[in-house]
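Numbers restart at 1 for each chain; the letters A, B, ... are given by sequence-line order, proteins then strands.
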Amino acid sequence: MPELDFINDQIVRSDTRTLKEKAKDWIILFCCQSLIFGVFLVGIALEDALLVTGFLLLIILVAIIWNRRPDLNQWSQELLRNNRHFANTFLVLILVLYPFIFMDNPYLIHLGALAAIFAIMALGLNITLGFCGLLDVGFAVYFAAGAYTSSQLAVHFDVSFWIGLPLGGLMAALFGFAIAWPALRVHDHYLALVTLGYGLIMNLLQRNFTFLTNGTDGVINIPPPAIGEWDFIQPITIGGIEFPFQMNFYFLGLILAGLTVLISVRLRDSNLGRQWEAIREEEIAAKCFGINVPFLKIIAFSTGAFFGGIGGAVFAHMIGFVHPDNFVLLTSIMILAMVIIGGMGNIFGVVLGAVALTLIPERLREFEDLRMLLFGGCLVLIMIYRPQGLFPSTRRRRELKSDRVNELIKKSGRK
Amino acid sequence: MEPADLDNTILKCQGLTKNFGGVLAINNLDLEVQKGKITAIIGPNGSGKTTFFNLVMHLYDATSGQVVFGTENTNLLELPTHSINRVGLARTFQTLRLFLNLTVLENVLIGMSSQLNSGFGAALIKPKWAREEDKLAEEKALEILSLFGSRLISMCNEPASSLSYANRRRMEIARCVASQPKLILLDEPVAGMNPTETREVIKDIQKIHEAGHTILLIEHDMTLVEGVAEHVFAFDHGSKIAEGQFKEVSNHPAVVEAYLGKQALKQ
Amino acid sequence: MIETWAQQLINGLTIGGMYTLVAVGFTLFFGVLRLINFAHGEVFMLGGFVGLVVAWSAEGLGITNGIIIVLLMFLIAMGVCAIIGAVMERFAYRPVRGMPVLIMLVTSLAVGIVVREAVKEFFPEGANPHAFFSPFKYESINFGSVILDYTQLGLIISSLLLVYGVHLLVTKTWVGRAMRATSEDLDAARMMGIESDVVIRNTFFLGSALGGAAGVMNGLYYLSIRFDMGWVMAIKGFTAAVIGGLGNVYGAMFGGYIVAAVEVLTVALIPEGSRYKDVFVFLLLILVLVFRPSGLLKTPAQKMG
Amino acid sequence: MYRSKVFLLAAVLIAGSFFSNQVKADSYKLYVNLPLSGPWSSFGEGMFNSFKLAIDQGNASGELGNLKLEVVRGDNAGDSAQAASLATKAGTDAKVIGAFCCWSSGLALATHSTYNRYGVPTILGGSNDHRSTRPFHKSAVIFRNSPYDLINMKMLATYVTNYANMKRVFAIDDNTAFSVTQANEFTKAADKLHGKGRVVGRESVQLGEKDFTPLITKLKGMNLDGVFYAGHMVEAALFRQQMLKLGLKIPMMSSGGVFSNTYIKTAGEASEGTLASFWGLPLDHYPEGRGTKFEKDYAAANFQDPYESFGPMANAAGQVFVQAIKRISSQGKVTRKALLKELNSGRYTTTIGEFGFDSNGMLEILHIGIFRVENAKWKLLYRTDRAATKFTKIAD
């Protein structure tokens, strides 16, 4: 699965290890990953405020150690790089097993599904912001466009979710397209303000255009996705074991998020992705080298928005309720924070950011009112101490057969 | 002034004028660049050289006049910047504009992007032709990098930000070459370099010229101009004040005056 | 009819004055630091709360003279906000200075969240609205049926005076000249011996003090304050600053009155228009940003003046 | 060395979490979903405390045997999206047997399909939108112990037209589900009673807005007899103050979003004369002194916040849960289904009176009062009969 090699955007060296060394690496990796995921899963399941505090302190401790010990960092990176197929397989396995582990606590499965939905949206924003470098502080607009389109079609016209889903994405893309035009003329702060204003206007219109959105009543009783007679809120029973219906949504989210990751990887590695990055790095030079900057910016906005819409549509049908309160500025900031904290442009980082920011606030519920204060404080600290995100995007990923390079070096040489 | 060979003209300006809110940066400029030659533009700071490049690339809108390019007489002032590259012009920048976080190889590939066909669909489906195209493009990019010896090619997987200053300049030239232009515009290619580096760049430029590229360059460094330019234009206050061989131009009284002031001329 | 319009004019001037005071802060920060300080709205809110505490303590100390209490409120609120502003600058904005726009933007949003939530959590009954002290609650000057409240009058006049004062400070004093130089070119200013850290700190002192004054004024006029009033004001304030032209003190005032005019006209002229007034305001924001990003008022010579 | 410490800590945490997760077998959770932070937290805290008081009393009385009820404190911050997410949390927790929700209509609308999806028996302690329960909403799980706004607004319209004799009234909502519905229903009811034209206009304001002077100036030129502000108290207080400042000295009517002592405190002397139509009575009007007993118990429990206007309903909801769970536990297993069945048929003796839920999940007794602020207190002017058909005068 070369497509899923997103953990390490590094050069791959040819594997010269012996079988014994390989096995040793795998065992170490297996133990470490089991430990990490084990701690992670326990952390998710914690209910007690004291334990949650302890858990978060543990994470911070590990992060500090990792920052202070470059050798440890180096070692872990090396290990991951050399065994990426193994690591990826393990990751996918954990993701698939996750709902089975928490079968008696469907809320955690629900949270997993929610994390997948936010991962889809964060990956969408990552295309606009991470790849093309366009600030978008109004991403909730596309979330809303997808959610309203698909849910209103389902409620009023009985349109199936499977049709509403792409339509929601397309409608969101249209909204992205709409703001892309004025956005072409502005940069930096001004672009941020334009998208911010766009988000504010759209949220007001969601409240006031009652004929489209049901206003502040919200869209209620949105039917769950259905296949034939069976719909997603009927639990599947296999061999006498009833699996909670949240698992249906979880796997739907997981599949869609997986697809989004795949698409993101392909876009990033394509000529298109390279041109987006060129625009992000140096717009004037990009223009001078035949890159149609306005067109590509519009494409970036629309593509990003499309995924926002997809996430929105799934969200609407999963929660069964859509309200303008879902699409306020704080939602946009949250999605933005997922991308920034994860590491702009790094697909794995963004997914991890989405998962963390969906789950951690839930865990912080134990602190009740202090939740937002802690969130704000953490955000400030991250901006100051790690503005590039947890997993900064590394550029040295394009792999070249080193012998060909060597040959050319030898041939050209210094004359 | 010898009559210009019309069939051999690659770039032609007529009455080109640029007015920045009352300041005439380019004033009624006429000039012709010959195909296959290295042409240089000299002139003191603020004489409108870079503005001229920006007008040719349509980064600014001209106030009046026209710029005609190639045998098909394309009017560049009517084309958006990105199409100008497709017509066959590529430029470097006085203040380097590299894609710093992209690798050296990717920088060159960006130079070739207008020749690549793969768009959105191809990126997602990755059909065979797109993969082939990618492979060919990389191969070609490596070849272009190898024009500059081992300096760039050994760094091809490193981000452009890790290059030394001189190599960044080379990188820009390589990127230009990659877009297979009919005319390369070089904006002060040796600015800030020491004499050894300058000599090497002169060699590089000549090598590219030998490979069949027409070059128009802006330069302060007279050793470079003398070393490579077959034809020289001198600018002052947005107008062309002299043209011809380097020797003729450098001794032209208007040029001396422009560089050293009236006082110098009297002495 | 004419009386209604006269009343609407007074309403508009009051609202515009309030926006102006907040917008001036935005414009100063942007001028010097190229930062849209979203936390400024929270400083404004904090000003209101400090004023309230002053009123409470004055009551406890047995000070009964309304004018003295109001003066104390202004002085202490401005002082506390100035310090808070400088602290924010030192510990949150200085570390991210010069970083990409996005980082600075998110930092200021996050600082805003921290301040807002801190007030909500640690102020007694912070989540509830608090009645504000005011010595002249319902006293007014009446011209027929047109009513001009004393606080309205005070607000309009003091907003004009404060803007003029800031203008004088920026154009006529050494501190202001240093600010303008820094806003033109941070590095060049540094080379001329201007300590940019000091200039930026001064700017935060000044802008935040103005925000605090606006917060007290807001309390005196609306008679109640709440922890979440800052964000609404922040949005309106930066909209005003952008419309007038970021970095231009008079532009902030101009923008403040434009935003107020849009609001009042929407309510007065469009039936059931009151729900769409913010839509029009933000639409204007986007249009200005797209077609005249330097603002409606700005000419190069007027920068920071 | 570092790593070994990390492993050790992780091991301790893992072990600790397993111990802490062992839930006592005979305890059940009642999930409360209220605005405990945000602008309406004073209402939410009062409701939560009152509800908890009833459950604590139930636990302490020993009536429940070895069964224990636990109240889960869910804070929706007055945000529909968060309320919906809490409802999911309640639904997916197998230990949750019932829910108490939501204070406002918007929050109730946001949650009802979720509660229905999971079959969590839910009592609404103040959400007045008629669409939250049967027959308007087909859910079988939602009950309410306050009348919905169709009735409340009908009574307010009756008061306006028949008792206060206002000819020209203006209705304002603050663009929330609750207040838009109220303004609509009020207009409809007034039109029905005396033909069109009593309500001469409608406007919407936004939550969080501070300056209503342009709107009030517009109203001033309309020669009105009264304004109906169907919104929440923070904006209502500002609106009332600005009405007085601009010399618009006509009565302002309001409803459940404003009927609160916090409103009086915020608006100060401007609150004098504000009218409110509310589905509740002063505590001494409830039968058999149970209202005053609640007041005493609440005071004895030493809660930080007052019980506010919705406290009695919340307390009643808690009592309903205690009594219902006691009955089903004596008959067999305590499940959501059993509780649902019991709520559909049983009768309960509570602070606000003795009642059962009808086929629509609506409580049988309806108290609606017209209140006015006098001397910084809400004073009851009129109250309805049990079926809410007419008013009885209590005071002037």
How far apart are the closest heavy atoms of [X] and [Y], and which atoms are they?
X: C/V290; Y: A/P182; result: CG2-CB, 3.5 Å
X: C/L105; Y: A/A192; result: CD2-CB, 3.4 Å
X: C/A110; Y: A/V380; result: CB-CG2, 3.5 Å

> Residues of residues 90-100 of chain C under 4.5 Å from chain A (heavy atom pairs)?
Replying inline: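 Contacts with chain A: C/F91, C/A92, C/P95, C/V96, C/M99.
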
>> Using a 4.5 Å heavy-atom cutoff, which residues in residues 265-287 of chain C come close to chain A?
In response: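 Residues of residues 265-287 of chain C touching chain A at under 4.5 Å: C/R275, C/Y276, C/D278, C/V279, C/F282, C/L283, C/L285, C/I286.
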
>> At a 4.5 Å cut-off on heavy atoms, which part of A/Y198 comes close to chain C: side chain, backbone, both, or neither?
In response: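 Contact with chain C is through both the backbone and side chain of A/Y198.
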
>> Counting only non-hydrogen atoms closer than 4.5 Å, does A/I382 touch chain C with its backbone (N, CA, C, O), its side chain (CB onward), both, or neither?
In response: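 A/I382 has no heavy atom closer than 4.5 Å to chain C.
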
> Side chain, backbone, both or neither: which part of C/L109 has a heavy atom under 4.5 Å from chain A?
Replying inline: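 C/L109 touches chain A through side-chain heavy atoms alone.
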
>> Need one label for C/V115: side chain, backbone, both or neither, based on atoms under 4.5 Å from any heavy atom in chain A.
In response: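 Neither part, no heavy atoms under 4.5 Å.
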
> Under a 4.5 Å heavy-atom cutoff, which of A/L191, A/L200, A/D188, A/V186 has the most pairs with chain C?
Replying inline: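 Ranked by heavy-atom pairs under 4.5 Å with chain C, first place is A/L200.
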
> Picking from C/T107, C/L102, C/I36, which has the most non-hydrogen pairs under 4.5 angstrom with chain A?
Replying inline: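 The option with the most such pairs is C/L102.
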
> How about C/F30 and A/H189: do any of their side-chain heavy atoms sit closer than 4.5 Å?
Replying inline: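 Yes; the side chains approach each other to less than 4.5 Å.
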
